[in-house]
Amino acid sequence: MWVTVSRPAAIDADDGPVHPRRVLAQLALGVLAALLLVGVLGSLAARQLAEREAVNDAASMAGVIAEAVVQPAMTEELMAGDPAAADAFGATLERSLDRETVVRVKLWRPDGYVLWADEPQLVGRTFGLDEGQREALDGPTTVAEVSELDASENQFERGDRLVEVYRPVWMPDGQTALFEIYVSYDPVASRTGELWRGFAGVTASSLVLFVLIVTPLVLALLKRVRSAEARQVAFLQRAVDASEVERRRIAATLHDGPVQELAATSFTVSGASATAAARGESALARDLDAAATAVRASIRSLRTLLVDLHPPSLSRAGVVAALTDLATSVRADGVVVRLDTDPEAELALTADAQRLVHRVAQECVRNAARHAGPAEVVVSLHRTGPGTVELEVLDDGLGFDVEAVLADPEPGHLGTALIADAASVPGATLRVASSLGAGTHWRLDLDGPMGVRA
């Protein structure tokens with residue numbers, strides 16, 4: 001089972017370069033979203049405000065008609081339900097109504113009896129009073145609201161909704177009746193449009209002005225951010241270059257200093273050992289041979305360190321030559337390293353990709369030499385497609401529990417962590433498959449600019 005050990009998520013995609021077009025596009029989308037939200041909320045607010053104005057206007061109209069026309073025209077005969085009195089009341093009321101605005105008019109007794117209505121089929125019928133009608137009578141007060149026309153008394157009204165007003169009226173002797181008018185809802189729609197257009201015009205112009213003010217500031221800030229990013233990239237590049245130069249300097253110093261001195265010391269001690277042996281001083285000769293062997297071992301360790309610090313074949317001849325040197329430099333009992341790669345020209349790796357491949361292969365081979373026991377290690381590097389390269393390091397050694405090592409590495413066993421850190425770069429994915437007694441299989445996939453030289 002493959003386990004991904006590299007951590008590409010550690011490279012935050014949001015840390016990439018800041019593009020002015022992208023920021024301006026986000027700003028434009030934000031403005032459009034604000035316009036849409038404000039438009040919806042403004043439309044709802046305009047409708048509510050228009051309905052409130054319509055309700056207030058209808059209530060005022062009902063009050064004027066009730067006091068100026070209805071109350072003076074009410075008689076005891078009308079309250080008793082006399083048809084002639086109802087006709088006379090209706091004739092008086094009709095002369096005062098604006099039929100372009102008033103849709104329906106009714107006069108009720110407190111018991112729900114319709115004394116008069118401009119719909120003849122309602123006159124003389126009794127309906128149960130709803131909550132608004134009772135509130136108007138008990139107040140006494142004027143109740144105005146938008147009616148959905150879903151009551152039984154509204155069976156003759158047309159349209160989806162009307163503005164409904166209830167207002168109590170009184171006879172001179174104190175008898176109470178309920179005056180009701182229905183006003184057309186059409187003015188609400190036109191008033192809503194007027195309010196919304198005014199609100200939207202102010203809002204849109206404000207947002208446009210905001211964009212005009214903010215855009216130069218955003219562009220100036222983007223310019224400064226891009227300049228800071230360029231400086232940061234330059235600093236990082238200089239740091240990388242300085243690190244590479246320093247590694248070369250240390251490698252050269254070690255090669256020209258301690259390594260050469262140790263080599264001369266080895267020759268001197270070997271000569272002294274030969275002289276002691278010729279004199280018959282066998283004990284001294286053995287000691288000198290042991291010292292010479294130790295010095296030569298130190299020289300090999302230093303040369304291995306030199307290759308680690310700055311593989312000369314990597315920069316001079318390419319990654320294939322460096323991997324060949326790596327395979328021949330492994331000295332561990334029972335460990336054999338074989339190499340299988342495409343030609344250097346076919347791989348066409350970038351300098352960064354070459355360093356990454358060599359680093360990962362180096363750590364994988366070292367881990368195998370240290371922990372796999374007697375094993376055959378196969379290092380393969382191949383082009384797998386346009387812009388993609390794959391490095392595989394397989395051994396048939398002891399293997400290990402991947403999950404356990406990743407969760408809690410033993411002290412001093414940091415090879416897996418080092419490999420994971422090295423491969424945690426954009427365009428690289430490092431996976432491992434292993435289990436106890438079944439060997440280990442590492443696979444590094446390089447994709448895009450990380451893998452191919454332009």
Side-chain angles (χ1 to χ4, degrees), residues 1-17 229 232-233 236-237 239-241 243-244 247 307-311 313-315 318-327 337 339-368 377-395 400 402-403 405-407 409 413-434 440-454:
M1 181 182 297
W2 287 109
V3 176
T4 301
V5 297
S6 58
R7 296 179 297 276
I11 309 299
D12 191 351
D14 292 337
D15 291 340
E229 286 181 343
Q232 184 180 18
V233 170
L236 290 175
Q237 187 61 48
V240 171
D241 295 340
S243 175
E244 183 66 19
R247 289 164 69 93
V307 173
D308 292 345
L309 286 173
H310 180 63
S313 57
L314 183 61
S315 58
V319 68
V320 174
L323 291 178
T324 302
D325 292 344
L326 174 64
V337 180
L339 193 62
D340 176 25
T341 72
D342 290 337
E344 187 75 35
E346 183 177 339
L347 291 171
L349 294 177
T350 63
D352 291 338
Q354 289 184 3
R355 286 191 289 269
L356 177 58
V357 167
H358 183 267
R359 175 73 182 280
V360 172
Q362 186 181 61
E363 291 295 338
C364 292
V365 171
R366 282 181 177 177
N367 277 352
V377 182
V378 179
V379 179
S380 63
L381 179 63
H382 297 284
R383 171 66 64 85
T384 56
T388 59
V389 176
E390 181 181 85
L391 168 70
E392 291 186 296
V393 181
L394 301 89
D395 69 70
F400 65 98
V402 178
E403 298 290 348
V405 170
L406 291 177
H413 294 72
L414 300 177
T416 302
L418 292 174
I419 299 173
D421 290 340
S424 295
V425 295
T429 303
L430 179 64
R431 290 185 283 264
V432 62
S434 182
T440 303
H441 185 179
W442 294 91
R443 189 171 79 187
L444 173 68
D445 292 303
L446 300 180
D447 187 14
M450 169 53 76
V452 180
R453 185 166 52 244

Euclidean distance, [Y] [atom2] relative to [X] [atom1], rounded to 0.5 Å:
X      : Y      : atom1 : atom2 : answer
Trp2   : Thr429 : CH2   : OG1   : 12.0 Å
Leu394 : Asp340 : CG    : CG    : 10.5 Å
Asp395 : Asn367 : CG    : CG    : 9.5 Å
Cys364 : Leu430 : SG    : CG    : 6.5 Å

Compare all side-chain heavy atoms of [X] with those of [Y] and state whether any distance is below 4.5 angstrom.
X      : Y      : answer
Thr341 : His382 : no
Leu381 : Leu349 : yes
Leu356 : Leu444 : yes
His358 : Glu363 : no
Pro343 : Leu347 : no
Thr324 : Leu339 : yes
Val393 : Val378 : no

Minimum heavy-atom distance between [X] and [Y], given as atom pair plus value:
X      : Y      : result
Glu346 : Arg383 : O-NH2, 3.3 Å
Val337 : Ala327 : CG1-CB, 3.6 Å
Ala353 : Leu446 : CB-CD1, 3.9 Å
Val320 : Asp342 : CG2-O, 3.7 Å

Check side chain to side chain donor-acceptor pair (under 3.5 Å) between Ser434 and all other residues, then give those that pass, not counting sequence neighbours.
Thr440
For Val379 and Val365: C-alpha separation, side-chain torsions, deciding distance, then whether side-chain contact (heavy atoms from CB on, under 4.5 Å) applies.
CA-CA 8 Å; Val379 179; Val365 171; 3.8 Å; yes
Is the terminal nitrogen or CZ of Arg431 (NZ for Lys, CZ for Arg) located under 6.0 angstrom from the six-membered ring centre of Trp442 and within 45° of that ring's axis?
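No, cation not above the ring by the 6.0 Å, 45° rule.
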Do Leu391 and Arg443 pass the side-chain contact (heavy atoms from CB on, under 4.5 Å) test, and can you show the C-alpha distance, the side-chain angles, and the key distance before you say yes or no?
CA-CA 6 Å; Leu391 168 70; Arg443 189 171 79 187; over 6 Å; no
